[in-house]
Amino acid sequence: MKKVILLCTLAVLMFACKSTSATSTNTDTKAQVAMKGNWEITSVTYPGSQYIKVETFQLADSDCFVGSKWKFISNNNKGNMALTKANCVAFSSPITWFVNKNGQFVLKVLDAGEKARKVKDGYILTLANQTQTSFQLVDKIDVGGKMTDVVYQFQKVN
């Protein structure tokens with residue numbers, strides 16, 4: 001039996017969802033170790049961004065993720081993320097994550113004290129253009145029947 005995770009993105013006047021089957025849990029250790037440390041999202045880009053607003057991870061407008069701080073701990077697949085941009089909702093949360101051998105980045109946003117195995121919903125993005133100091137996470141969303149890439153650009157902080 002395959003587990004199906006429903007991923008949704010809210011766009012202005014449109015509600016776009018995608019259904020993704022459970023992903024492989026065979027991890028790409030090399031990719032994960034390269035992500036170890038502190039990172040910041042320096043940009044979020046997608047076609048039509050001047051007309052369409054995308055709600056990222058059901059938390060906030062994608063623009064609020066610019067400047068967000070992320071910490072990835074590769075040996076236990078934990079970490080945290082924090083939204084700190086002015087005029088946006090402040091948010092901070094522990095996360096669990098991994099990169100599988102298919103190049104998929106799998107993320108769960110947790111409530112404080114919550115165990116990852118209790119969280120049924122998660123997000124699957126594609127890891128792209130990984131270097132020692134930067135990488136991209138790419139989400140594919142359906143906007144009006146057209147698949148659109150939302151690209152989150154990460155830059156290493158230290």
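The structure presented is a predicted model; accordingly, all values stated were derived computationally and were not measured. One is the number of the first residue; the rest follow in order along the sequence. Values below: all heavy atoms of this structure, side chains included; hydrogens, waters and symmetry mates excluded.
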message = Between D142 and M147, does the side-chain contact (heavy atoms from CB on, under 4.5 Å) criterion hold? Intermediate values first, please.
response = CA-CA 5 Å; D142 183 327; M147 293 311 290; 3.9 Å; yes
ask   = Do any N or O atoms from the side chain of S93 and from the backbone of L110 form a donor-acceptor pair under 3.5 angstrom?
value = yes
ask   = Mind checking whether K85 and V66 have side chains closer than 4.5 Å, heavy atoms only?
value = yes
ask   = Does Q153 use its side chain to pair, donor to acceptor, with the backbone of T42 at less than 3.5 Å?
value = no
task = Give, for atom CG of D139 and atom CG of L107, the distance between the pair rounded to the nearest 0.5 Å.
result = 10.5 Å
ask   = If you take all heavy atoms of Y46 and S62, which pair is closest and at what distance?
value = CE2-OG, 3.6 Å
query = Between CD of Q32 and CG of N76, what distance do you get to the nearest 0.5 Å?
reply = 10.5 Å
Expected output: side-chain Q130 to main-chain A31 donor-acceptor under 3.5 Å = yes
inquiry  = Whether the side chain of Q155 engages the backbone of T133 through a donor-acceptor N/O pair (distance < 3.5 Å, no angle test) should be reported.
reply    = yes
ask   = So, W97 side chain and K78 main chain: donor-acceptor pair closer than 3.5 Å or not?
value = yes
ask   = Passes salt bridge (Lys or Arg N to Asp or Glu O under 4.0 Å), D63 versus K53? Steps please.
value = CA-CA 8 Å; D63 186 54; K53 296 294 180 191; over 6 Å; no
remark   = By ring-ring contact (aromatic ring centres under 6.0 Å, His included), Y152 pairs with (sequence neighbours left out) none
task = Mark yes or no for whether N38, through its side chain, and K71, through its backbone, hold a donor-acceptor pair below 3.5 Å.
result = no
request  = List in chain and number order the residues that pass side chain to side chain donor-acceptor pair (under 3.5 Å) with E40, two or more places apart in sequence or in another chain; answer none if no residue qualifies.
outcome  = K69
key: S134 OG to K156 NZ distance, which is reported to the nearest 0.5 Å   = 11.0 Å
task = Evaluate ring pair (Phe, Tyr, Trp, His ring centres under 6.0 Å) for F57 paired with F65, printing each intermediate quantity in order.
result = CA-CA 10 Å; F57 308 133; F65 279 78; 5.7 Å; yes
key: Donor-acceptor contact below 3.5 Å, side chain N100 vs main chain N102   = yes
query = Hey, what's the ring geometry for F154 with W70, parallel, tilted or perpendicular (30° and 60° as the breaks)?
reply = perpendicular
query = Just wondering, do V150 and V44 contact through their side chains at under 4.5 Å, heavy atoms?
reply = yes
ask   = For residues 76-107, which residue pairs qualify under disulfide bond (SG atoms under 2.5 Å apart), counting only residues two or more places apart or in two chains?
value = C64-C88
